A.B. asks: 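Have a look at this one before I ask anything.
These figures come from a predicted structure and were not determined experimentally. Each chain gets a letter, A, B and so on, in the order the sequences are listed, and its residues count up from 1.
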Protein chains: 2
Amino acid sequence: MTTIKDISKACGVSPATVSKALNGYAEISPETVELVKQTARDLNYMPNAAARLLKTNKSHNIGVLFVDDTMSGLTHEFFSLILNSVKEEAETRGYDITFISNNIGGQKMSFLQHCKYRNCDGVVIASIDFQNPEVLELVRSKVPVVTIDYSFDNLSSIVSDNQEGAYRLASYLAEMGHRRIAFIHGERTLVTQKRIRGFNRAMAEYGIETPPEYMAEARYHDAVSVRKATAALLDLEVPPTAIMFPDDFSFIGGQTEILERGLNIPNDISVCGYDGINLSRILNPRLTTWYQNADRIGKESVRKLVESIEGKSVAEQIMVSGEFLSGNSVRRWVEE
Amino acid sequence: MTTIKDISKACGVSPATVSKALNGYAEISPETVELVKQTARDLNYMPNAAARLLKTNKSHNIGVLFVDDTMSGLTHEFFSLILNSVKEEAETRGYDITFISNNIGGQKMSFLQHCKYRNCDGVVIASIDFQNPEVLELVRSKVPVVTIDYSFDNLSSIVSDNQEGAYRLASYLAEMGHRRIAFIHGERTLVTQKRIRGFNRAMAEYGIETPPEYMAEARYHDAVSVRKATAALLDLEVPPTAIMFPDDFSFIGGQTEILERGLNIPNDISVCGYDGINLSRILNPRLTTWYQNADRIGKESVRKLVESIEGKSVAEQIMVSGEFLSGNSVRRWVEE
DNA sequence: TATCTTGACGAAAACGATTTAGTAAATTAC
DNA sequence: GTAATTTACTAAATCGTTTTCGTCAAGATA
């Protein structure tokens, strides 16, 4: 590898001058700058990130913490999309990303320790469980942090408008004449609470009473638990005419149950999902759902994080709005 | 941050001794080792990865290169699964992973340059296009490399048994009485070629002639192109009775087309996918498909890569075998 | 007793960059 | 013409480790 010294020799200037020329210091004459830059190119020079980091304490590396007991989020399309856009945005801003984990090389290491070990300049956290002690430790540390879909005081966060999304879906069902609307929601996280609030608001506005058994709990992204919940709803004496599912993917579990009972979507039962992932547009019938702009969520979180790393920036809650996607999975319902 | 110096002061020994004690050199007395380790723990010491790297040239970081024009592979469930298992295996072996890209911070940088910049100890490559000049540059460099689903001479590779998979699926269809079997395959990559070979072998064994129009090209993971290809097949004067799809996900495109024509799977037409991702087990009817062991592919590639980084290891082609998953998407076919 | 080993540790030089505090020459000010 | 300032550069310290040689006592050997 060619180093700054090689360039300095080749140009007949000191290493200090090379460094400054490369980093755009004003005190270097234009000719020298040009000479140095050209030589650097000729010698195929790449700065050594480790040496630079050691001196500057800037790693140009941001950590990504996707905590999810089950599958670390990577195989969850919504999170994959976020990860992908985080990656892209980070790269265009000159940052690489590192997955933060807590067991490197067999030895237990807290998330914070991992960040310090790798000198992450900041971290994007998307987590199911923001009460996790290690997550809290990280959040409370000096390391700049941006959280997704959860807000801490004095920290920037990017949140999807969960309340609005659930409200709009529920309103739509009500609008279409449904009065027996069930909501299979995910684990009771903050996100879920917001969605439930949105759902309830819609029900209240349309003067619909929702019996407790219509509010079923399943797990996000888990087709099996959702299928069970669906079965339970269909077994009720007075089953719902419409069901809101936790997310598009897990809806497949519900769909399976519905189809196996010989029921038709949307003629016998109306459904909607959440997320607006690719899958939903491709399903037959096309799923009515709420699109979460994963791309913008990812980009915004990196933007905010980099701002807080580089300059001063005030903590801010950024709401990324979604969009109603109408499909063919809801029919107009007229009470017999 | 506490450094080795802090420990040395606290223990009254030199930094050199601390380093040696921490790294298990034999020349340090057991008592000193114990003292140093305890103090390190007390002071919550974390070695500075950058400083260590600078000196040792070992970053304990492996690069991951998933090239895919369309979506960098991250949202492709099969690749997500591989990525996830690569990540996990790397972590248990004490490595972090870095995504290799070629445009960091707006300035164009080759994959190889990126690797050097970040001092990656080695790289796992999974790519659609192994002829990409930058990929080739990386492959030919000194950087240890393991490739997935493609083999270079003198390099280790982990390959899925694509030929076997396609062969088994095609054989199964023939076994079930089908004689008009179409194969919608992906772009003409090496993987595709292997699958076509497997398909052809099965056809030959069963004495089936496949008209050229039954071999359709679409794009992996692209439901739209697959839907088009499906439509073209169904429009044929003599349409196939069974279709093999490029992968489980893009099959959804075919399914949509089939259902919209009022056809039933498997009564009117039999289908099978490829990959064996979650989705396939959840679809209704359950998809007959070939399971690719993404988890093992990821783990093996890291194992092989780390071996080649750390000790000497001979280049080796490792075949990861898949598994036939029978679903309900194929029916026995009796020619009228 | 004089020499050789061995064990346990330390001094100091790296690794490749950045940055502070100069310095010498050229330019400007008065 | 001298002093002050500016311009364009350099020397050297530094970041936190690792690692190569020492060193120095204590015990072993002859």
A.B. asks: Need to verify one output field. Residue with the more 5' nearest nucleotide on DNA chain C, B:S29 or A:T3?
C.D. replies: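 Its nearest nucleotide lies further toward 5', so the answer is B:S29.
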A.B. asks: How many whole angstroms separate atom OH of A:Y25 from atom P of D:dA8?
C.D. replies: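 These atoms are roughly 17 Å apart.
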A.B. asks: Within this structure, what is the NE2-CG distance for the pair A:H60 and A:L53, rounded to the nearest 0.5 Å?
C.D. replies: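 Rounded to the nearest 0.5 Å, the NE2-CG separation comes to 9.0 Å.
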A.B. asks: Taking CG from A:L43 and P from C:dA17, how many angstroms apart are they, rounded to a whole number?
C.D. replies: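 In whole Å, C:dA17 P and A:L43 CG are 12 Å from each other.
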A.B. asks: Looking across every strand, which nucleic acid part, if any, lies under 4.0 Å from B:T56 by heavy atom: base, sugar-phosphate, or nothing?
C.D. replies: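 Answer is sugar-phosphate: B:T56 comes under 4.0 Å of backbone atoms only.
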A.B. asks: Of the nucleotides D:dT18, D:dA11, C:dG16, which one has an atom closest to the side chain of A:S14?
C.D. replies: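 Selected nucleotide (nearest to the side chain): D:dA11.
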A.B. asks: Distance only, no hydrogens: is a donor on one side chain within 3.5 Å (strictly under) of an acceptor on the other, for B:E91 and A:S101?
C.D. replies: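 Yes, A:S101 and B:E91 have a side-chain donor paired with an acceptor closer than 3.5 Å.
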A.B. asks: Quick one: do the A:Q317 and A:S156 side chains pair a donor with an acceptor below 3.5 Å?
C.D. replies: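 Checked: A:Q317/A:S156 side chains show no N/O donor-acceptor pair below 3.5 Å.
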A.B. asks: Write down the distance between CD (B:E27) and P (D:dG22), rounded to a whole number of angstrom.
C.D. replies: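 In whole Å, D:dG22 P lies 15 Å from B:E27 CD.
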A.B. asks: For the pair made of CD in B:E34 and C1' in C:dC9, what is the distance, rounded to whole Å?
C.D. replies: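 It is 18 Å, rounded to the nearest whole Å.
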A.B. asks: So does A:K20 reach the base of D:dT10 with its side chain, donor to acceptor, closer than 3.5 Å?
C.D. replies: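 It does, because a donor-acceptor pair links the side chain of A:K20 to the base of D:dT10 below 3.5 Å.
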A.B. asks: Return the value, rounded to whole Å, for the distance between atom CG of A:N48 and atom C1' of D:dT17.
C.D. replies: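 Roughly 14 Å, once rounded to whole Å.
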A.B. asks: Describe the nucleic acid contact of A:N23 in one word from base, sugar-phosphate, nothing, applying a heavy-atom distance below 4.0 Å.
C.D. replies: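 Touches sugar-phosphate only.
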A.B. asks: Using the side-chain contact (heavy atoms from CB on, under 4.5 Å) rule, take A:L155 and A:V146 through it: C-alpha gap first, then chi angles, then the decisive distance, then the call.
C.D. replies: CA-CA 7 Å; A:L155 279 187; A:V146 165; over 6 Å; no
A.B. asks: Taking only the side-chain nitrogens and oxygens of B:T32, find out if one of them lies under 4.0 Å from OP1 or OP2 of C:dA8.
C.D. replies: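 Indeed not, no polar side-chain atom of B:T32 lies that close.
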A.B. asks: To the side chain of B:A16, which of D:dC9, D:dT17, D:dT19 is closest?
C.D. replies: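 Looking only at heavy atoms from C-beta outward on B:A16, the closest nucleotide is D:dT19.
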A.B. asks: Categorize A:S19 for me: base, sugar-phosphate, or nothing, with a 4.0 angstrom heavy-atom threshold over every strand shown.
C.D. replies: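 Answer is base: heavy atoms of A:S19 come under 4.0 Å of a base.
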A.B. asks: Between B:T17 and B:A51, which is nearer to the 5' end of DNA chain C once each is assigned its nearest nucleotide?
C.D. replies: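 First, find each residue's nearest nucleotide; the 5'-ward one identifies B:T17.
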A.B. asks: I'd like to know if the side chain of B:T98 pairs up with that of A:D96 as donor and acceptor (distance under 3.5 Å, no hydrogens or angles considered).
C.D. replies: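 No, because no side-chain N or O of B:T98 sits under 3.5 Å from a partner of the opposite role on A:D96.
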A.B. asks: Would you kindly give the CE-to-P distance between A:M1 and C:dA14, to the nearest whole Å?
C.D. replies: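 Rounded to whole Å, this separation is 21 Å.
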A.B. asks: Confirm from the modelled atom types if A:K55 and D:dG16 form a donor-acceptor pair under 3.5 Å, side chain to base only.
C.D. replies: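 Per atom types, no contact qualifies.
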A.B. asks: Rounded to the nearest angstrom, tell me the gap between atom CZ in A:R52 and atom P in C:dC15.
C.D. replies: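 After rounding, the gap between these two atoms is 19 Å.
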A.B. asks: Given atom CG of B:L54 and atom C1' of C:dA17, what is their separation to the nearest angstrom?
C.D. replies: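 After rounding, the reported distance stands at 8 Å.
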